[in-house]
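All values reported here derive from a predicted model rather than from experimental measurement.
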Amino acid sequence: EVLVDDSLKELEERLAPQFLRVHRSALINLRYLEALRRDTRGNYSVVLRGVEQEVPVSRRMLAQVKEILQ
């Protein structure tokens, strides 16, 4: 866990294009993006290499994540 004073929006702008905001509360490093998963309720999350917990993907960002993975 890392604590910073910057807002997520500021981090998103500063770290683009290597990082992508996939949810209103999550930025991911595209270098570690491994897969996209859909659960039984239709919710999507990304799998990151070396990270046990999956990160939720908002409906708004879903198309962009799918495009990156292709």
Side-chain angles (χ1 to χ4, degrees):
E1 183 176 326
V2 177
L3 299 175
V4 294
D5 291 329
D6 297 339
S7 70
L8 205 52
K9 181 177 171 80
E10 291 170 331
L11 287 172
E12 177 184 18
E13 291 169 356
R14 191 169 67 213
L15 298 173
Q18 186 177 7
F19 282 72
L20 176 68
R21 191 167 191 167
V22 294
H23 192 273
R24 67 184 176 109
S25 61
L27 280 174
I28 62 165
N29 185 331
L30 293 174
R31 238 183 356 205
Y32 296 95
L33 180 58
E34 194 168 276
L36 181 65
R37 291 223 174 113
R38 183 176 179 207
D39 66 18
T40 57
R41 294 182 293 171
N43 298 316
Y44 285 88
S45 60
V46 289
V47 177
L48 301 174
R49 193 175 313 104
V51 179
E52 195 171 311
Q53 183 177 353
E54 294 181 8
V55 179
V57 176
S58 70
R59 290 184 305 239
R60 185 174 68 89
M61 293 305 299
L62 183 58
Q64 190 170 359
V65 172
K66 284 181 176 180
E67 183 179 315
I68 289 169
L69 283 169
Q70 290 182 1

How far does CD1 of Ile28 sit from CD of Glu34, to the nearest 0.5 angstrom? 11.5 Å
In Å, rounded to the nearest 0.5 Å, how long is the span from OG of Ser7 to CD of Glu13? 7.5 Å
Just by modelled atom types, is the Arg24 backbone N or O under 3.5 Å from a matching donor or acceptor in the Arg21 side chain? yes
Measure the spacing between CG of Leu20 and CG of Leu15 and express it to the nearest 0.5 Å. 11.5 Å
Could you measure the distance from the CG atom of Asp5 to the CD atom of Glu10? Nearest 0.5 Å is fine. 9.5 Å
Quick check: closest heavy atoms across Asp6 and Arg14, and the distance to 0.1 Å? OD2-NH1, 2.8 Å
Does Phe19 share a hydrophobic cluster with Ile68, counting links as ILVMFWY side-chain heavy atoms below 4.5 Å and allowing steps through other members? no
Heavy-atom closest pair, residues Ala26 and Leu8: N-CD2, 3.7 Å
With the side chain counted from C-beta on, respond yes when Arg31 and Arg49 share a heavy-atom pair under 4.5 Å apart, and no when they do not. no
Is the shortest side-chain heavy-atom distance between Val47 and Glu54 below 4.5 Å? yes
Which residue pairs satisfy the salt bridge (Lys or Arg N to Asp or Glu O under 4.0 Å) criterion with at least one member in residues 61-70, sequence neighbours excluded? none
Are Leu11 and Leu33 in one and the same hydrophobic cluster, where Ile, Leu, Val, Met, Phe, Trp and Tyr link if side-chain heavy atoms are under 4.5 Å apart? no
Within-4.5 Å side-chain heavy-atom neighbours: Met61 and His23: no
Is the shortest side-chain heavy-atom distance between Val46 and Leu69 below 4.5 Å? no
Gap separating the CG atom of Asn29 from the CG atom of Leu48, nearest 0.5 angstrom: 8.5 Å
